[in-house]
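First the proteins, then the strands, lettered A, B, ... as listed; each starts at 1. Here the structure is a predicted model, which is why all the values come from computation and not from measurement.
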2 protein chains.
Amino acid sequence: MKVNATDIGQMASASDVIFDALREAIARGDVKEGQVLRQDHIARMFNVSRIPVREALTRLEEQGLVSTQRYRGAVVASLSIDEVREIFEFRALLEPEVLRHSIARISDEALAEAATYAEAFGTEHDSAKWGDLNRQFHYTLYREAGRPYYLQTISAALDRVDRYLRAQLVLTDGMERARREHEGILRACVARDADLAAELTRAHILGASQSLVAFLERTRKENGEALV
Amino acid sequence: MKVNATDIGQMASASDVIFDALREAIARGDVKEGQVLRQDHIARMFNVSRIPVREALTRLEEQGLVSTQRYRGAVVASLSIDEVREIFEFRALLEPEVLRHSIARISDEALAEAATYAEAFGTEHDSAKWGDLNRQFHYTLYREAGRPYYLQTISAALDRVDRYLRAQLVLTDGMERARREHEGILRACVARDADLAAELTRAHILGASQSLVAFLERTRKENGEALV
DNA sequence: ATATTGCAAATTGGATCCAAAAAACAGATG
DNA sequence: CATCTGTTTTTTGGATCCAATTTGCAATAT
């Protein structure tokens with residue numbers, strides 16, 4: 001039998017759809033930190049009852065993207081500068097390691113795909129898309145590491161800091177520098193130089209962290225509170 | 001005003017209680033992998049409706065401890081040997097790093113506490129308690145690293161492999177070896193030798209991994225399926 | 001004016017109810 | 001006997017309803 005079968009058992013439930021939508025909105029910064037997420041409001045947006053919304057919010061809290069107080073609702077979690085620094089340090093430990101394993105077995109196709117993302121990242125004028133392209137570039141390089149657990153963990157960490165990362169690209173000199181560093185990483189990957197690629201990735205992440213932390217320290221001193 | 005105030009806003013909801021109970025039961029191996037978790041059954045056990053149970057199961061799935069198929073319920077997740085290996089490798093990357101940071105600032109009290117756990121671990125005859133003591137020993141050493149995100153991640157990883165770790169202690173020569181290695185790690189910590197302590201921790205984890213993977217390969221070949 | 005108290009509105013956590021899907025079963029058919 | 005088919009039972013996902021708690025506000029007292 002030859003039909004285009006899709007596994008219906010894996011189809012997304014209402015809760016899945018809402019969870020994904022909210023996660024993306026929070027990661028991208030479309031809903032600001034500190035904002036309260038009203039169950040009823042979200043339920044009406046998706047035309048469902050509050051039950052699947054609550055499930056989605058529960059999952060978001062488990063991921064650390066929102067924090068909840070009993071009877072008070074969920075608010076988009078905000079990160080202290082220390083937390084931002086820690087998560088970047090965490091990424092700087094994991095990502096080079098994954099890239100190292102990936103390079104051993106990465107296909108030419110994946111390298112070409114990464115190259116197109118790096119290229120698009122460099123030429124894209126709409127700053128709102130930089131974050132996605134940046135993420136896709138790195139993810140393409142990591143994908144074939146054969147380390148699904150690492151990838152999941154990295155992805156969760158990225159979700160937590162994504163909106164800061166985007167701010168760093170847009171609001172500082174981050175963009176131009178990231179473009180250069182991506183090229184370097186890609187070259188090292190093409191040359192299958194795992195040590196160099198790993199070290200460049202590490203520096204890439206830690207450099208972004210430094211620039212971002214400096215930026216946050218400046219703006220938070222002025223504004224008292226977070227704005228991202 | 002001087003009353004023994006507890007933050008009622010942080011009090012555990014029904015869903016919290018159920019989540020914690022199930023998480024521990026799964027991590028400790030009290031419910032076997034592959035076992036289906038019926039919402040109604042659990043609800044009756046805790047004398048609640050299925051709603052908070054479903055929330056708990058959702059959170060467990062988010063943590064990877066159960067896997068769900070739509071309309072088919074939640075099953076305690078089982079790990080392939082590759083996944084076990086990956087998670088141990090992951091721990092072997094993170095934990096030495098955390099210990100390194102912790103040693104810089106660890107108090108004598110914490111060291112003494114860790115020593116009592118190591119001692120208790122060595123003398124405890126009830127093998128069911130080894131897993132807890134082992135975990136407490138390491139956690140006490142990591143606690144003051146000032147890296148809450150790392151600790152959370154490590155804890156989640158441990159939850160995933162805890163029952164295998166326990167099996168490794170009980171079903172192989174793991175216990176005696178772990179006792180020795182704990183002593184070595186503790187000595188290095190007392191001497192504030194971060195490099196040595198980190199390296200010993202790394203070897204400790206990778207050694208346990210090797211022994212465990214060998215054990216799993218033997219037993220799974222015989223039994224076809226997982227039994228832990 | 002400021003702080004305090006009492007009450008109404010809003011919001012959440014949980015219980016109950018219902019529809020959709022899967023699993024178990026029984027009878028029919030080869 | 002094995003297999004297929006239709007039906008019943010079980011179980012889940014979601015909607016609706018209710019009680020507990022917080023929040024906003026007005027009235028009162030200081």
Side-chain angles (χ1 to χ4, degrees), chain A residues 1 3 5-23 25-26 31-77, chain B residues 1 3 5-23 25-26 31-77:
Chain A
M1 208 166 46
V3 290
T6 53
D7 186 346
I8 295 179
Q10 298 294 358
M11 284 228 300
S13 64
S15 146
D16 290 332
V17 174
I18 297 166
F19 173 70
D20 285 337
L22 290 179
R23 184 169 51 78
I26 294 173
V31 290
K32 309 289 179 223
E33 65 185 26
Q35 186 171 335
V36 269
L37 302 173
R38 295 281 161 224
Q39 297 177 1
D40 203 43
H41 180 227
I42 298 168
R44 265 198 292 273
M45 282 174 32
F46 288 88
N47 197 31
V48 293
S49 80
R50 280 166 41 229
I51 297 282
V53 175
R54 276 168 54 183
E55 238 165 66
L57 291 175
T58 307
R59 289 164 69 179
L60 289 173
E61 179 170 36
E62 207 56 39
Q63 296 267 307
L65 290 175
V66 309
S67 60
T68 309
Q69 278 204 316
R70 226 186 158 190
Y71 294 111
R72 279 191 210 168
V75 297
V76 178
Chain B
M1 206 164 51
V3 291
T6 52
D7 186 346
I8 295 179
Q10 298 294 0
M11 284 228 300
S13 65
S15 146
D16 290 332
V17 174
I18 297 167
F19 172 69
D20 285 338
L22 290 179
R23 183 170 51 78
I26 294 172
V31 290
K32 309 290 180 223
E33 64 184 27
Q35 187 170 334
V36 274
L37 301 174
R38 294 279 160 228
Q39 297 177 2
D40 203 43
H41 180 228
I42 297 169
R44 265 198 291 273
M45 281 174 33
F46 288 90
N47 197 32
V48 292
S49 82
R50 280 166 40 229
I51 297 284
V53 174
R54 277 168 53 183
E55 241 167 80
L57 291 175
T58 307
R59 290 164 69 180
L60 289 173
E61 180 171 33
E62 206 56 39
Q63 296 265 308
L65 290 176
V66 308
S67 60
T68 308
Q69 277 204 318
R70 223 182 162 192
Y71 293 111
R72 278 191 212 171
V75 178
V76 178

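Look at CG on L57(A): it is 14 Å from P on dG14(C), rounded to the nearest Å. What separates OH of Y71(A) from P of dG24(D) is a distance of 18 Å, to the nearest Å. Computed from coordinates, the F46(B) CZ to dG14(C) C1' distance equals 16 Å when rounded to whole Å. Rounding to whole angstrom units, CD of residue Q69(A) and P of dT11(C) are separated by 17 Å. Rounding to whole angstrom units, CG of residue D16(B) and P of dT12(C) are separated by 16 Å. Rounded to whole Å, the distance from CD on E55(A) to C1' on dT12(C) is 16 Å. Here dT10(D) presents its C1' atom at 15 Å from NE2 of H41(B), a figure rounded to the nearest Å. For the pair R44(B) CZ and dT12(D) P, the interatomic distance rounds to 11 Å; values are reported in whole Å.
Ion pairing of R70(B) with D16(A) is absent here, as no side-chain N (NZ or NE/NH1/NH2) approaches a carboxylate O to less than 4.0 Å.
A side-chain donor-acceptor contact under 3.5 Å links E61(B) to the backbone of T68(B).
The shortest distance between the side-chain N/O atoms of R72(A) and the OP1/OP2 oxygens of dT11(C) is not below 4.0 Å. For R70(A), no side-chain nitrogen or oxygen approaches OP1 or OP2 of dT11(C) to under 4.0 Å. Proximity of Q39(B) to the phosphate of dG13(D): a side-chain N or O atom is located under 4.0 Å from OP1 or OP2.
Contact of the L60(A) side chain with the F19(A) side chain is registered, since non-hydrogen atoms from C-beta on lie closer than 4.5 Å.
Between the side chain of R50(B) and the base of dG13(D), a donor-acceptor pair under 3.5 Å is found. One cannot find a donor-acceptor pair under 3.5 Å joining the base of dG14(D) and the side-chain atoms of R54(A).
Which of dT11(D), dA15(C), dG13(C) sits closest to the side chain of I51(B) comes down to dA15(C). When each of dT16(C), dG14(D), dT11(D) is scored by its nearest atom to the side-chain atoms of R38(B), the top-ranked nucleotide is dT11(D). When distances run from any side-chain atom of S15(B) to the nucleotides dA21(C), dG14(D), dG14(C), the shortest one goes to dG14(C).
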message = Checking V75(B) against Q35(B) for the side chain to side chain contact (heavy atoms under 4.5 Å, CB included) test, could you report, in this order, the C-alpha distance in whole Å, the side-chain angles of both residues, the deciding distance, and whether it holds?
response = CA-CA 5 Å; V75(B) 178; Q35(B) 187 170 334; over 6 Å; no
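Taking the nucleotide of DNA chain D with the nearest heavy atom to each of P52(A) and A74(B), the more 5' of the two is matched to A74(B).
Note: Q39(A) CD to I18(A) CD1 = 11.0 Å, rounded to the nearest 0.5 Å.
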